[in-house]
Amino acid sequence: MNVNTKDKKFNSKVIHSGHGADETTGAVMPPIHLSSTFKQNSPGDFTYEYARTGNPTRDILEKLLVELEDGKFAYAFSSGMAAISALSDALGKNYSIICSDDVYGGTRRIFDKIKTVNQDVEVTYADLSKENNWQGHLKENTKMIWVETPSNPLLKIIDIKKIRESLKDDNIIIVCDNTFASPYNQQPINNGADVVIHSSTKYLGGHSDIIGGALIINDNKILADKIKYIQNAVGAVPSPFDCYLLIRSIKTLAVRMERHNNNALEIANYLLKHPKINNVFYPGLENNPSYEIAKKQMTGFGGILSIELMGDINSAKKFLETIQIFTLAESLGGVESLIEHPAIMTHASIDKKIRDELGISDTLIRLSIGIEDISDLKKSLDDALKNI
């Protein structure tokens with residue numbers, strides 16, 4: 001029987017939501033159900049039919065995600081991109097989207113190169129961190145406002161509640177990519193979002209060993225039913241083992257995020273004073289233009305920050321090639337610290353002209369601050385910066 005966690009605090013929810021002891025064996029941790037098919041009592045009389053359609057381990061993960069994001073429905077996918085695709089498909093075709101201008105490169109790629117071509121979707125990009133910078137882009141066929149906050153890679157903060165209060169059309173859904181923040185630091189549904197999306201590869205997984213995605217929906221059952229249908233029909237679902245790993249990882253989300261938050265804030269303040277750093281992008285810095293919104297909307301500022309180095313592309317490459325402790329790799333949100341070059345790596349699919357307009361320069365570096373000892377992280381950064 002599931003533990004009632006409705007009135008529990010977040011740190012308790014991550015431990016107990018979604019399941020209790022297994023009713024058959026008493027196992028404290030839920031078993032992994034690897035079967036691809038399930039016995040029916042008689043034709044059409046079953047609890048589970050086929051593992052693509054439904055699986056007991058995936059059910060536990062989805063119940064857990066509902067509680068963490070304070071939603072009503074949750075659906076797990078094989079990747080964050082699969083989740084974005086399913087949501088876009090659920091809205092039909094020949095519609096328009098208003099999207100944050102600073103978003104993950106893969107989000108722009110699927111919108112600009114796939115959905116615009118195959119579904120006649122029109123995407124307008126706007127700096128949603130600026131007040132009322134989106135209302136002039138509303139059209140009769142606008143169906144979605146896509147908010148990524150904090151944004152990737154410039155860590156812009158968007159006031160979700162203000163967009164909700166300004167949006168008069170209830171038929172337009174507000175979707176928030178909450179990957180950078182995690183449910184520990186931010187719960188967009190409680191600020192007015194209709195749908196929350198995660199690349200669960202990142203902080204939810206937390207160990208750089210799975211790929212996954214998720215959609216959590218507030219109270220729009222019509223949309224939820226469409227997503228459920230697409231999830232089954234397309235079949236881009238996570239394996240039972242990946243679901244198990246996510247359930248297991250989420251149990252330590254609160255303690256991991258506390259360390260990520262603390263380390264990142266200290267590193268941001270440290271780099272802010274460094275003579276070889278032009279700029280530090282982190283919402284927890286008091287000089288950040290979005291600091292007050294972040295403080296109001298988030299319970300912590302997250303583990304991601306970006307920096308702009310002095311010098312040129314060669315300086316950036318030398319820095320990245322010589323740094324220790326930090327691993328030069330794409331992705332983020334793992335217990336280990338990662339570092340990457342957006343213009344060459346995660347945002348290479350975006351045209352250079354657009355990158356330049358956004359401020360994704362050749363000396364911009366994104367850091368995913370892990371949970372290592374802070375003194376080791378500082379020394380690693382200082383040693384590498386001496387080389388440029």
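As the structure is a computational prediction, the values presented were derived from the model and not from experiment. Residue numbers count from 1 along this sequence.
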*Considering residues, nucleotides and ligands other than Lys317, do more than 12 of their heavy atoms fall under 6.0 Å from its NZ?*
no

*Determine, step by step, whether Ile339 and Thr327 satisfy the side-chain contact (heavy atoms from CB on, under 4.5 Å) criterion, reporting the C-alpha distance in whole Å, the side-chain angles of both residues, the deciding distance to 0.1 Å, and the verdict.*
CA-CA 6 Å; Ile339 195 165; Thr327 300; over 6 Å; no

*With a 3.5 Å cut-off and no angle check, do the side chains of Gln187 and Asn190 form a donor-acceptor pair?*
yes

*asked:* Would you say Ile211 ends up clustered with Ile247 if hydrophobic residues are merged whenever their side chains have heavy atoms under 4.5 Å apart, either directly or through other cluster members?
replied: no

*Asp382 bridged to Lys378 by N-O distance under 4.0 Å*: no

*asked:* Nearest 0.5 Å, please: how far is CG in Leu64 from NE2 in His16?
replied: 12.0 Å

*Run the numbers on Ile197 and Thr179 for side-chain contact (heavy atoms from CB on, under 4.5 Å), then give the verdict.*
CA-CA 7 Å; Ile197 189 164; Thr179 299; 5.7 Å; no

*Any chance you could measure Gln231, atom CD, to Phe77, atom CZ, to the nearest 0.5 Å?*
5.0 Å

*Check whether more than 12 heavy atoms from other residues, nucleotides or ligands sit under 6.0 Å from atom NZ of Lys72, and answer yes or no.*
yes

*Residue pair Ile227 / Leu87, side-chain heavy-atom distance below 4.5 Å*: yes

_Applying side chain to side chain donor-acceptor pair (under 3.5 Å) as the test, list every pair that has at least one member in residues 290-301; sequence neighbours left out._
Asp159-Lys296, Gln186-Gln297

_With a 6.0 Å cut-off (strictly less than), is the heavy-atom count around CD of Gln119, excluding the residue itself, greater than 12?_
yes

_Whether the side chain of Lys276 engages the backbone of Leu385 through a donor-acceptor N/O pair (distance < 3.5 Å, no angle test) should be reported._
yes

*asked:* Under 4.0 Å between a side-chain nitrogen and a carboxylate oxygen: does that hold for Lys352 and Asp356?
replied: yes

_Can you tell whether the side chains of Lys63 and Asp59 come within less than 4.0 Å, N to carboxylate O?_
no

*Give a yes or no on this: more than 12 heavy atoms of other residues, nucleotides or ligands lie within 6.0 Å of atom OH of Tyr229.*
no

_Against Ser151, only a single residue in Asp177, Asp102, Asp127 fulfils side-chain hydrogen bond (donor to acceptor under 3.5 Å, both in side chains); can you say which?_
Asp102

_Is there a side-chain hydrogen bond (donor to acceptor under 3.5 Å, both in side chains) between Tyr125 and Asp112? Walk through the geometry before answering._
CA-CA 11 Å; Tyr125 295 96; Asp112 293 348; 2.8 Å; yes

*Test Glu122 against Thr116 for side-chain hydrogen bond (donor to acceptor under 3.5 Å, both in side chains), laying out the working first.*
CA-CA 6 Å; Glu122 181 184 9; Thr116 57; over 6 Å; no

*Determine whether more than 12 heavy atoms belonging to other residues, nucleotides or ligands lie under 6.0 Å from atom NZ of Lys251.*
yes

*Candidate list Thr346, Ile313, Leu328, test side-chain contact (heavy atoms from CB on, under 4.5 Å), partner His341, passing option*: Ile313

*asked:* Centroid separation under 6.0 Å, is that true for the rings of Tyr184 and Phe10?
replied: yes

*Any link between Tyr50 and Phe46 through a network of hydrophobic side chains (Ile, Leu, Val, Met, Phe, Trp, Tyr) touching at under 4.5 Å?*
no

_If the condition is side-chain contact (heavy atoms from CB on, under 4.5 Å), which residues does His207 pass it with, not counting sequence neighbours?_
Asp209, Ser249, Thr252, Arg256, Val335

*Test side-chain contact (heavy atoms from CB on, under 4.5 Å) on Arg366 and Leu332 and set out the steps.*
CA-CA 9 Å; Arg366 192 190 73 190; Leu332 57 102; 3.6 Å; yes

*Indicate if Met144 and Ile174 have the same hydrophobic cluster label, given that clusters are the connected sets of ILVMFWY residues with side-chain heavy-atom separations under 4.5 angstrom.*
no

*With side chains defined as the heavy atoms from C-beta onward, is the minimum distance between Ile145 and Val175 less than 4.5 Å?*
no

_Any heavy-atom pair between the side chains of Ile189 and Val196 that's under 4.5 Å?_
yes

*Decide yes or no on salt bridge (charged side-chain N to carboxylate O under 4.0 Å, His left out) for Lys221 and Asp225, but give the supporting numbers first.*
CA-CA 6 Å; Lys221 189 175 186 308; Asp225 287 344; 2.9 Å; yes

_Ser315 side chain vs Gly311 backbone, donor-acceptor pair below 3.5 Å_ = no

*Test item: Ser331 and Thr201 side chains (from C-beta on) under 4.5 Å apart, heavy atoms*: yes

*Does any donor atom in the side chain of Asn191 or Arg164 lie under 3.5 Å from an acceptor atom in the other side chain?*
no

*Is the closest side-chain heavy-atom distance between Asn287 and Leu272 below 4.5 Å?*
yes

_Closest contact, heavy atoms only, Pro183 versus Leu253_ = CD-CD2, 4.1 Å

_Expected output: side-chain Asn387 to main-chain Phe319 donor-acceptor under 3.5 Å_ = no

*Going only through I, L, V, M, F, W and Y residues with side-chain contacts under 4.5 Å, is there a path from Phe326 to Leu309?*
yes

_When you group the ILVMFWY residues by side-chain heavy-atom contacts below 4.5 Å and let the links chain together, are Ile172 and Trp134 in the same group?_
yes

*Near Glu336 CD, under 6.0 Å, is it more than 12 heavy atoms from other residues, nucleotides or ligands?*
yes

*Does Leu305 reach the side chain of Ile369, with side-chain heavy atoms less than 4.5 Å apart?*
yes

*Using 30° and 60° as the class limits, which term best fits the ring planes of Tyr270 and His274: parallel, tilted or perpendicular?*
perpendicular

*side-chain contact (heavy atoms from CB on, under 4.5 Å) with His198: which of Ile216, Leu68, Leu65?*
Ile216

*Passes side-chain hydrogen bond (donor to acceptor under 3.5 Å, both in side chains), Glu69 versus Asn178? Steps please.*
CA-CA 10 Å; Glu69 286 288 7; Asn178 202 29; 2.9 Å; yes

*Between Arg58 and Ala76, what is the shortest heavy-atom contact and its length?*
CG-CB, 4.2 Å

Validation: residues 88-101 side-chain donor-acceptor distances under 3.5 Å, sequence neighbours left out:
from, atom 1, to, atom 2, distance (Å)
Ser88, OG, Ile84, O, 3.0
Asp89, OD1, Lys115, NZ, 2.8
Tyr95, OH, Ser88, O, 2.8
Ser96, OG, Asn141, OD1, 3.3
Ser96, OG, Thr142, N, 3.3
Ser96, OG, Thr142, OG1, 2.8
Ser100, OG, Trp146, O, 3.0
Ser100, OG, Glu148, N, 3.1
Asp101, OD1, Lys156, NZ, 3.3
Asp101, OD2, Lys156, NZ, 3.2

*Is it true that a side-chain atom of Ser368 and a backbone atom of Gly333 form a donor plus acceptor pair closer than 3.5 Å?*
yes

_Criterion side-chain contact (heavy atoms from CB on, under 4.5 Å) against Leu128, the qualifying member of Ile158, Ile160, Thr149_ = Ile158

*Taking the six-membered ring for Trp, are the ring centroids of His33 and Tyr48 within less than 6.0 Å of each other?*
no

_His347 side chain vs Val103 backbone, donor-acceptor pair below 3.5 Å_ = yes

*asked:* Please report the interatomic distance OG(Ser200) to CD1(Ile250), rounded to the nearest 0.5 Å.
replied: 7.5 Å

